[in-house]
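What follows is a single structure, written as structure tokens, with notes after it.
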Amino acid sequence: MKYIYFKEEHELFRQSVRQFFEKEVVPHINTWEAERRIPKSIMQKMGEQGYLGLNFPEQYGGIGADFWYSVVFLEELGRINLAGFSTMVSVHQYMAINHIFRAGSEDLKQRYLVPAIQGQKVAALGITEPVAGSDVANISTKAEKQGDFYIINGAKTFISNGTYGDFITLACKTNPSAGAGGISLIVVDLQSEGITRTKLNKMGWHSSDTAEISFDNVKVPTQNLIGKENMGFYYLMESLQLERLVAAIMAVPSAQAILDMTIQYLHERETFGKKLARYQVIRHTLSDLATEIEAARNLVYNTCWAFSQGEVVVKECSMAKLYASELANKVVDKCLQYFGGYGYMEDYPICRAYRDARVGTIAGGTSEIMREIISKVIIDRVDFKPVYDSLPSKQDLARV
Ligand SMILES: Cc1cc2nc3c(=O)[nH]c(=O)nc-3n(C[C@H](O)[C@H](O)[C@H](O)COP(=O)(O)OP(=O)(O)OC[C@H]3O[C@@H](n4cnc5c(N)ncnc54)[C@H](O)[C@@H]3O)c2cc1C
């Protein structure tokens, strides 16, 4: 089926991304998962193709393409069902460096955005702390100003690209008594003195590197502040729209690929003299799943369209992430069942997909938090506004 959003050039781009992943990523999936590490060389290769700067302007090495190129790219990432890899790439491009582009100084853009788009430097985003995940306003990592430097103390956890990454867009308290209004975003080199990184062991996303990072009197130049001091929380809240949309975009083709591989298996496997594909109970279950995937795809596309028009789509991004990530879990759970014992074997890709899907309803904002945000809009009538270029009003601050 064709969708009105994609033009011929998007489909040509899809073919080239697909070929690139088939050649440069898919053959290495098992090695990267076993080694629990993805070599940085793949980021450099993607940088050379322009894949890490799709929506950034040419002056920073990007290709200045429209948002649908990113949708295509993310769909192809989702389709290969290697969530460890897609996390590395999506956190880098759509979560960490996005802030530098939106609010960072020219100096920051030259030092961090440009090499990140080239794939020379890998970026992480540091919000979550051991005692503050969903409750972002409650983080306690501090950045105290001393002359021309910030001195940073504290700890972050569950940070993707945290162990082997080169720099981090770090959320810190610059005014600890001000709650949400006291958070700033600061770019920190991950090789800085005073930083300790500990790799974490996960249920899934094995190839993605996830770290706990501690900061002990880490000295960072004040030029590394992104945008305005104490505006970090609002930058984060606005950019989390994109983060959630990105997660939703990838979840749909991932679920579709699982469904497709299951259908193929049902045509091959026989019990009681019949192919599994002939059993009505299975046919109806898969028909329901296919219908829900199609509904999710349309919700995601429509949200992408509104987002690409510059609309503030906080509610819709939360709905898309909630629905698509919950559905991805449901699809892989139901489909694994039809593989019988083989679904539980590591040799079958659905086994890894099952482990990988689980965190989709947790990372980047849990399903419960998505429901909280949706409730704020539909029940409390909160009207979220763009914040990058303007300070929020006292009323806006009170509503967060
Ligand atoms: C593999 C992985 C990669 C990650 N990558 C990153 C990263 O790169 N950068 C980063 O900053 N973070 C990252 N995270 C962190 C992730 O965003 C957080 O785990 C998530 O936001 C939840 O925070 P928490 O784990 O502290 O859970 P908590 O906030 O402690 O929540 C625990 C449970 O309580 C529920 N809950 C909390 N508050 C409410 C409420 N008000 N109403 C109802 N239920 C509630 C939650 O939904 C959840 O079910 C990653 C996490 C994982 C697992």
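When a ligand or atom number is given, it counts from 1 through the structure's own listing order. Starting from 1, each residue takes its place in the sequence as its number.
- Between Ser160 and ligand 1, an N or O atom pair is found at a separation short of 3.5 Å.
- Looking only at protein heavy atoms, the nearest one to atom 42 (N) of ligand 1 is Glu372 CG, 4.3 Å.
- For atom 25 (O) of ligand 1, the closest non-hydrogen atom on the protein side is Phe158 CE1, 3.6 Å.
- For the residue pair Gln15 and Gln19, no side-chain donor N or O sits within less than 3.5 Å of a side-chain acceptor on the partner.
- Arg297 and Glu75 are not joined by a salt bridge, as no carboxylate oxygen comes within less than 4.0 angstrom of a charged side-chain nitrogen.
- The minimum heavy-atom distance linking Phe21 with Phe85 is given by the pair CE2-CE2, 3.9 Å.
- The closest side-chain heavy-atom distance from Ser207 to Arg36 is not below 4.5 Å.
- At a distance under 4.0 Å, no protein heavy atom can be found next to atom 34 (O) of ligand 1.
- The shortest N or O to N or O distance between Ile127 and ligand 1 is below 3.5 Å.
- Residue contacts with ligand 1 for Met95 are absent, since no atom lies close enough (heavy atoms, distance under 4.0 Å).
- Looking from atom 27 (O) of ligand 1 to the surrounding protein, the closest heavy atom is Ser134 OG, 4.1 Å.
- Here the heavy atom of the protein found nearest to atom 10 (C) of ligand 1 is Thr128 OG1, 3.4 Å.
- Counting atoms of ligand 1 from 1 in the listed order, those under 4.0 Å from a heavy atom of Glu368 are 43 (C), 44 (N), 46 (C), 47 (O), 49 (O).
- Annotation: atom 9 (N) of ligand 1 to nearest protein heavy atom, Leu125 O, 2.8 Å.
- Here Glu212 does not pair with Lys199 in a salt bridge; the nearest charged N to carboxylate O distance is not below 4.0 Å.
- Protein heavy atom in closest approach to atom 20 (C) of ligand 1: Ile362 O, 3.5 Å.
- For Gly364, a nitrogen or oxygen atom sits less than 3.5 Å from a nitrogen or oxygen atom of ligand 1, counting backbone and side chain alike.
- In this structure, a donor-acceptor pair under 3.5 Å is absent between the side chains of Thr262 and Asp260.
- Of all the listed residues (Val359, Leu236, Val91), Val359 holds the heavy atom that lies closest to atom 53 (C) of ligand 1.
- Donor-acceptor pairing under 3.5 Å is lacking for the side chains of Gln118 and Tyr60.
- Between Glu268 and Lys275 no salt bridge is recorded (no basic side-chain N to carboxylate O distance below 4.0 Å).
- Near Trp205, with a cut-off below 4.0 Å to any heavy atom, the atoms of ligand 1 are 1 (C), 3 (C).
- For atom 51 (C) of ligand 1, a protein non-hydrogen atom is found at a distance below 4.0 Å.
- In this structure, Met46 CE and Gln93 CD are separated by 8.5 Å, a value rounded to the nearest 0.5 Å.
- Of all atoms in ligand 1, listed by their number and element, those nearer than 4.0 Å to a heavy atom of Ile159 are 7 (C), 8 (O), 9 (N), 10 (C), 11 (O).
- For atom 30 (O) of ligand 1, no protein non-hydrogen atom is found at a distance below 4.0 Å.
- Within 6.0 Å of CD on Gln264 lie no more than 12 heavy atoms contributed by other residues, nucleotides or ligands.
- At the top of the distance list for atom 40 (C) of ligand 1, counting protein heavy atoms only, stands Ile369 CD1, 4.2 Å.
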Only distances under 3.5 Å count here; give the side-chain donor-acceptor pairs of residues 47-57 to other protein atoms, sequence neighbours excluded, each with its distance to 0.1 Å.
from: Asn55; atom 1: OD1; to: Ser70; atom 2: OG; distance (Å): 2.6
from: Asn55; atom 1: ND2; to: Ala65; atom 2: O; distance (Å): 3.0
from: Asn55; atom 1: ND2; to: Asp66; atom 2: O; distance (Å): 3.1

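- With Tyr164 as the aromatic partner, Arg37 meets the cation-pi criteria of under 6.0 angstrom to the ring centre and within 45 degrees of the ring axis.
- Side-chain contact of Gln223 with Ser105: a donor-acceptor pair under 3.5 Å is absent, judged by distance alone.
- Contact atoms of ligand 1 toward Lys202: 1 (C) (distance under 4.0 Å to a heavy atom of the residue).
- Here the protein heavy atom with the shortest distance to atom 26 (O) of ligand 1 is Gly133 CA, 3.1 Å.
- A donor and an acceptor atom, one from each side chain of Thr169 and Tyr112, are nowhere located under 3.5 Å apart.
- Ligand-side atoms of ligand 1 in range of Thr366: 22 (C), 46 (C), 47 (O), range being under 4.0 angstrom from any heavy atom.
- When distances from atom 1 (C) of ligand 1 to the protein are checked, a heavy atom turns up under 4.0 Å.
- Considering backbone and side-chain N/O atoms, Thr210 never comes within less than 3.5 Å of an N/O atom of ligand 1.
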